[in-house]
Amino acid sequence: MTEDRLVDDANPPTVPSQPDVEEDIGETTDETTVTEEGTELERTIGLMGGLTIGIGTMIGAGIFVFPGLAAGQAGPAASASFAIGAVVALLVALPTSELATAMPKSGGGYYFISRGMGAGFGAIVGIGLWLGLVFATAFYLVGFGEYALAVLVELGVPRPSTPGPWGIVSVLGVLFGILLTAVSITGTENTTKLQNGVVSLLLGILFVFLLYGGLDALGLFGRDQTPETYAPFGTMPILTTAALVFTSYLGFAQIATVAGEMKQPNRNLPLAMVGSVVVVAILYVTTIFVATSAFGSEQLSRLGETAIVEVARAYLGLPGAIAILLAGLLATISSANASILSASRALYATSRDALFPQEVSTINLRYGTPHLALALVGGPTVVLVAVGQTEVLAEVASFLHLVMYGLICVTLLVLRSRSPEWYQPSFTVPGYPLVPIVGAIASFGMIAFMQRASQSIGVIVILATLGWYFLYARDVTLKGSDADE
Amino acid sequence: MSESDVRVLVPIAILEGEAIPESVIDILGSVDVVLLGYHVIPDQTATAQAHEQFQEKANAELREWADQFETGDGDVETHLVFTHDRDQTIERIAVETETDSILRLNPAPAIDRVLIPIRGEINLDRICEIAARVTADTDTELVVFHAAADEGTREDKDAQEGRDSQEGSDAQERSDTQKGNDAQEGSDARENETPLLDRVESRLEAAGVDPTRITQQLVVTDEPIDALLSAADEVDFVIMGEDKPSIRELVFGETSERVAESSIGPVLVVRRLVEPQ
């Protein structure tokens, strides 16, 4: 891989006091990144690790939180909503894979966009990614709260009363959010092995559940079918539901945020990204099918976020319910944890380019963790969890990510058409230029189908980010980006 | 790389205050050293982050150690790695530098006695060669050790019952300070082991070790690993080979790791070289 060594003679720094801070970190090999000084940065995440990051992040939402909500809005046609989401995700995953093999550095989407389109867009994406992950983590933690409550209910514990206006779900979510942040700050090693184990267990449970439920729903075990029209609410809800549940696909791009630590990045990055989307898409569609065959959409909607537990109970009795409860806890925890890790890397990448204060990515020697970055993720997350509005949280998270996804597709088009020397991806998007064009349109278009509240919040965040850029980071020029010429 | 090169990989946890004792630096003075400074960082931190913040400090520390090694005869090569997985890094560097002996660090005030446990034929020549080279410029005593497992010595134990004060599976120690003449006072089965130790001793002598420094230690026991661990307790430095992959190793851990953990002195592990491509 050639080193990124663009000299921007054509673009001298506008203000002498703000230095060009980008220096390419080093040369990439299959197992390491070698820096200029000869220091090696070990790559330790394999294909399995990449897949579990992607799948582990995505499953939490799609299977354990959304089915009830989605079916309530679109009926059995919610499976089409998930399928639409999968198509959009793939349209974005392919360009992301190409960019990631050309620039296998930690920071993912932020890195590509800032190098392809300049610091302005970089700021939007970098900060947007941080906040998008904050909203997503809050969403996962609310999901965790719901499952924790369901566990308590199952155990027969009387519903505890809570102080003030906050529900018990929020309290549980907040407490766990604080715990998770604290654990992250004190540093954990070898969590990838734990993550692999957790995701394998989850997939095992789901496979059994969906296989049995699927066969049962198809009538193999003599169950009475629940008659219901496929799209009882019409076609429009299918699209709005697709926008809602798109949060279920937010994990694949996170694989790119650890690209700097992935072994054999050229091979593993595309495989992990595309592979994880395909796997979860199959699981989601099957889940909706199984869920809507057990209960009507209205009933599913009433069951809310933990609907899938009741579906499991309907097919497999108490053991099924318990297995899904356990799986739900594990899934929401692993999603929240993976998002925290990604968010802190996104902040690091952003602050490294001086688009954000550099103190943010300082590592403390005691635990070896970037405590400030982690606090900046954990703090706002906990606040949002207290709000507890699942759907708004999910949509704002999706909004901010969809902006990034659209920009990734645009970046691909920009870089391909400019073809700078250093751009040498080892994986190229099939179906260029159609795929990134449709991907960009679909990403931005999906935003149009969201709730008004989510759109407003999303727009406010983007405007705030732009404001930040103009106030703080205006004079940052990124070496290695063509766009500032 | 020719087989006669002896190179030792010394991994040191830089930035964590791990120290290489002077006695180790002395004893490794006559061989080439690959000094691997590594720093393990938690998953929350990107390797690039740690590099930026700690690069200078880590490099300075590594240089200090390298300077100390350079006072010896051998060459010194340094590597600095930031990693999430210590074992992967050590493994990779060992393969890349074609180094088959890896040092497990422990404090070592003085190195007077070196234990060389021999399990069997595996890698025997290489272990002897490395042991000879490493101890070349020193006066250390070399104790060549073998623990015979129960099966091979069943006849032996029966024959010995008359001589032993203990029955059953208690370990019996016999020290043999001469080249092997007195081995005949043992039993039949012992003759299976003694030639092994004799062979080791002659290999060491062929590599230039003064025969008066070499001692043989043969132990017959049901628990060869425990015997090895207690023998390791009585020396200051151990040079040994790796296990063959086995269930026992999976359950209890690699023997050399156990020795390193339980003994006070450093352990030099000689690996079986994978055939080069």
Side-chain angles (χ1 to χ4, degrees), chain A residues 23 25-26 30-46 49 105-107 183-195 257-261 263 337-338 340-341 343-349 351-352 358 361-365 367-371 373-374 377, chain B residues 9-18 34-66 76-99 250 274 277:
Chain A
E23 259 165 28
I25 191 69
D30 271 352
E31 302 269 311
T32 64
T33 307
V34 184
T35 71
E36 283 175 2
E37 306 93 342
T39 308
E40 289 157 296
L41 308 176
E42 193 91 20
R43 291 173 177 270
T44 48
I45 303 178
K105 313 287 193 275
S106 286
V183 168
S184 297
I185 289 181
T186 53
T188 50
E189 287 165 27
N190 293 316
T191 43
T192 34
K193 294 199 178 88
L194 183 63
Q195 178 97 342
T257 60
V258 296
E261 284 145 283
K263 292 199 270 201
N337 190 47
I340 292 180
L341 295 185
S344 93
R345 275 174 176 68
L347 271 179
Y348 158 65
S351 76
R352 195 165 155 256
Q358 298 205 293
S361 56
T362 316
I363 308 175
N364 65 78
L365 199 49
Y367 296 119
T369 53
H371 50 280
L374 290 167
V377 176
Chain B
L9 175 64
V10 181
I12 173 164
I14 218 93
L15 297 179
E16 288 178 41
E18 192 172 26
V34 175
L35 194 56
L36 166 60
Y38 69 90
H39 183 57
V40 180
I41 47 182
D43 290 335
Q44 281 75 16
T45 311
T47 44
Q49 261 175 302
H51 157 75
E52 268 169 32
Q53 197 160 327
F54 299 129
Q55 163 72 20
E56 265 183 59
K57 187 157 185 266
N59 220 9
E61 225 183 279
L62 191 60
R63 266 260 61 84
E64 274 178 37
W65 289 118
V76 181
E77 188 186 316
T78 56
H79 291 262
L80 179 59
V81 183
F82 289 95
T83 179
H84 294 293
D85 186 340
R86 171 183 167 271
D87 291 335
Q88 178 184 311
T89 299
I90 292 179
E91 183 70 37
R92 177 180 63 83
I93 297 283
V95 170
E96 271 176 27
T97 56
E98 293 178 350
T99 309
L250 270 173
V274 179
Q277 293 94 338

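We name chains A, B, ... by the order of the sequence lines, and we start the count at 1 in each one.
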Around atom CD of B/E56, are there more than 12 heavy atoms from other residues, nucleotides or ligands closer than 6.0 Å?
no
Side chain, backbone, both or neither of B/F54 within contact of chain A (heavy atoms, under 4.5 Å):
side chain
Rounded to the nearest 0.5 Å, how far does CD1 of B/I14 lie from CZ of B/F82?
9.0 Å
Going by the rule salt bridge (Lys or Arg N to Asp or Glu O under 4.0 Å), which residues pair with B/R86 if we only count those two or more places apart in sequence or in a different chain?
none
Side chain, backbone, both or neither: which part of A/I363 has a non-hydrogen atom closer than 4.5 Å to chain B?
both
Can you tell me which of A/T369, A/I185, A/V258, A/I45 forms the most heavy-atom pairs within a distance under 4.5 Å of chain B?
A/T369
With chain B as the partner, which of A/G38, A/G187, A/S184 has the greatest number of non-hydrogen pairs under 4.5 Å?
A/S184
Yes or no on side-chain hydrogen bond (donor to acceptor under 3.5 Å, both in side chains) for A/T39 and B/Q55, after CA distance, side-chain angles and deciding distance?
CA-CA 8 Å; A/T39 308; B/Q55 163 72 20; 2.7 Å; yes
Please classify the contact between A/T257 and chain B as side chain, backbone, both or neither, with a heavy-atom cut-off of under 4.5 Å.
neither
Hey, are the side chains of B/D43 and A/Q195 touching, using non-hydrogen atoms and a 4.5 Å cut-off?
no
Which portion of B/I93 sits near chain A, non-hydrogen atoms under 4.5 angstrom:
side chain
Side chain from CB out, backbone as N, CA, C, O: work out which of these in B/E96 comes under 4.5 Å of a heavy atom of chain A, or both, or neither.
side chain
Is it the side chain or the backbone of B/Q53 that comes within 4.5 Å of chain A heavy atoms, both, or neither?
side chain
For the pair A/E42 and A/T44, evaluate side-chain hydrogen bond (donor to acceptor under 3.5 Å, both in side chains) and give the outcome as yes or no after the intermediate values.
CA-CA 6 Å; A/E42 193 91 20; A/T44 48; over 6 Å; no
